[in-house]
**Student:** 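I'd like to ask you about the structure that follows.
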Amino acid sequence: MKSIIKTDKAPAAIGPYSQAVEVNKMVYTSGVIPVNPGTGEIPKGVKEQASQAFSNLKNLLEAAGSGMEQVVKTTVFIKEMNDFGVINEIYAEYFPEPYPARSCVEVARLPKDVLLEIEAIATK
């Protein structure tokens, strides 16, 4: 059975999709961007945006009854590969060892012109 996950502690969907979906005790998130869910503001700088995006992801996973330690796979989309090191540092602050599998892809543009977006697959 499919359950839709929704929380006001992460940015609302800006299109025809769900923030996250649970199927068979697996949680699949949509891409999470660094929008402050309380104010709608986007932080300046890659470090601040990474912290906001990973915080949003954490809140979304917790709303689903999961957590960062239960993530098995992430995909990180970044605007500039030169930001990889900074994003990696913030990533390591949010994900405990053993780290999940991950893909990281440089893209031309992201929603709201943010610098990164992350999606995750987690267990419950």
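These figures come from a predicted structure and were not determined experimentally.
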**Student:** Can a donor-acceptor pair be found, under 3.5 Å and without considering hydrogens, that links the side chain of Asn56 to the backbone of Ile33?
**Tutor:**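 Checking the backbone N and O of Ile33 against the side chain of Asn56, a donor-acceptor pair under 3.5 Å is found.
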**Student:** Below 4.5 Å, heavy atoms only, C-beta onward: do Arg102 and Thr75 meet side chain to side chain?
**Tutor:** no
**Student:** Considering non-hydrogen atoms only, spot the tightest contact between Pro37 and Asp8 and give its length.
**Tutor:** CB-O, 3.5 Å
**Student:** Could you tell me whether Glu48 and Lys44 make a salt bridge, using a distance below 4.0 angstrom between a side-chain N and a carboxylate O?
**Tutor:**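 Answer for the salt bridge query: no.
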**Student:** Given Pro34, which of Ile118, Val114, Leu110 fulfils the side chain to side chain contact (heavy atoms under 4.5 Å, CB included) condition?
**Tutor:** Val114
**Student:** How about NZ on Lys112, more than 12 heavy atoms from neighbouring residues, nucleotides or ligands closer than 6.0 Å, or not?
**Tutor:**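 Check fails, neighbour count at 12 or below.
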**Student:** Under a 4.5 Å cut-off applied to non-hydrogen side-chain atoms, are Pro100 and Lys73 in contact?
**Tutor:** no
**Student:** Should Asp113 and Arg109 count as an ion pair when the cut-off is N to O under 4.0 Å?
**Tutor:**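 A salt bridge is present here (some side-chain N lies under 4.0 Å from a carboxylate O).
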**Student:** Determine which pairs satisfy ring pair (Phe, Tyr, Trp, His ring centres under 6.0 Å) with at least one residue from residues 22-64, sequence neighbours left out, and list them in order.
**Tutor:** Phe54-Tyr91, Phe54-Tyr94
**Student:** Can you find a side-chain donor-acceptor pair between Lys9 and Ser55 that sits under 3.5 Å?
**Tutor:** no
**Student:** Taking Pro96's backbone N and O only, do any of them form a donor-acceptor pair with Glu69's side chain (distance below 3.5 Å, no angle check)?
**Tutor:**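 The answer is no, because no donor-acceptor pair under 3.5 Å joins these two groups.
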**Student:** Decide yes or no for Ile14 and Pro111: does some side-chain heavy atom of the first lie under 4.5 Å from some side-chain heavy atom of the second?
**Tutor:**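 They are in contact (side-chain heavy atoms under 4.5 Å apart), so the answer is yes.
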**Student:** Could you give the distance from CD (Gln70) to NZ (Lys25), rounded to the nearest 0.5 Å?
**Tutor:** 11.0 Å
**Student:** Please test Leu60 against Ile5 for side-chain contact (heavy atoms from CB on, under 4.5 Å), starting from the C-alpha separation and ending with a verdict.
**Tutor:** CA-CA 8 Å; Leu60 181 55; Ile5 311 301; 4.1 Å; yes
**Student:** Do Met26 and Val21 touch side chain to side chain, with heavy atoms closer than 4.5 Å?
**Tutor:** no
**Student:** Atom OG of Ser66 and atom CD1 of Ile121: how far apart are they, to the nearest 0.5 Å?
**Tutor:** 11.5 Å
**Student:** For Lys58 versus Met68, what's the shortest heavy-atom pair and its separation?
**Tutor:**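 Nearest heavy atoms, Lys58 then Met68: CA-SD, 3.7 Å.
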**Student:** Are Val32 and Val107 connected in the hydrophobic side-chain network, where two residues link if heavy atoms are under 4.5 Å apart?
**Tutor:** no
**Student:** Using a strict cut-off of less than 4.0 Å between a Lys/Arg side-chain nitrogen and an Asp/Glu carboxylate oxygen, indicate whether Glu22 and Lys124 qualify as a salt bridge.
**Tutor:** yes
**Student:** Considering non-hydrogen atoms only, spot the tightest contact between Ala108 and Lys79 and give its length.
**Tutor:** O-NZ, 2.8 Å
**Student:** Give a yes or no answer on whether the side chain of Gln19 reaches the backbone of Ser30 with a donor-acceptor pair at less than 3.5 Å.
**Tutor:**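 No: the side chain of Gln19 does not pair with the backbone of Ser30.
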**Student:** Name the one of Ile78, Leu115, Val46 that satisfies side chain to side chain contact (heavy atoms under 4.5 Å, CB included) with Val86?
**Tutor:** Val46
**Student:** Taking C-beta and beyond as the side chain, do Glu106 and Phe77 meet within less than 4.5 Å on heavy atoms?
**Tutor:** no
**Student:** Check whether any side-chain heavy atom of Val76 sits under 4.5 Å from a side-chain heavy atom of Val105, and report yes or no.
**Tutor:** no
**Student:** Quick check for you: to the nearest 0.5 Å, what is the distance between Gln49 atom CD and Lys47 atom NZ?
**Tutor:** 14.0 Å
**Student:** Do side-chain atoms of Thr74 reach the backbone of Ala120 as a donor and acceptor pair under 3.5 angstrom?
**Tutor:** no
**Student:** When hydrophobic residues are tied together by side-chain contacts of less than 4.5 Å, even through go-betweens, does Leu116 share a cluster with Met81?
**Tutor:**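 As far as the 4.5 Å side-chain criterion goes, Met81 and Leu116 are connected within one cluster.
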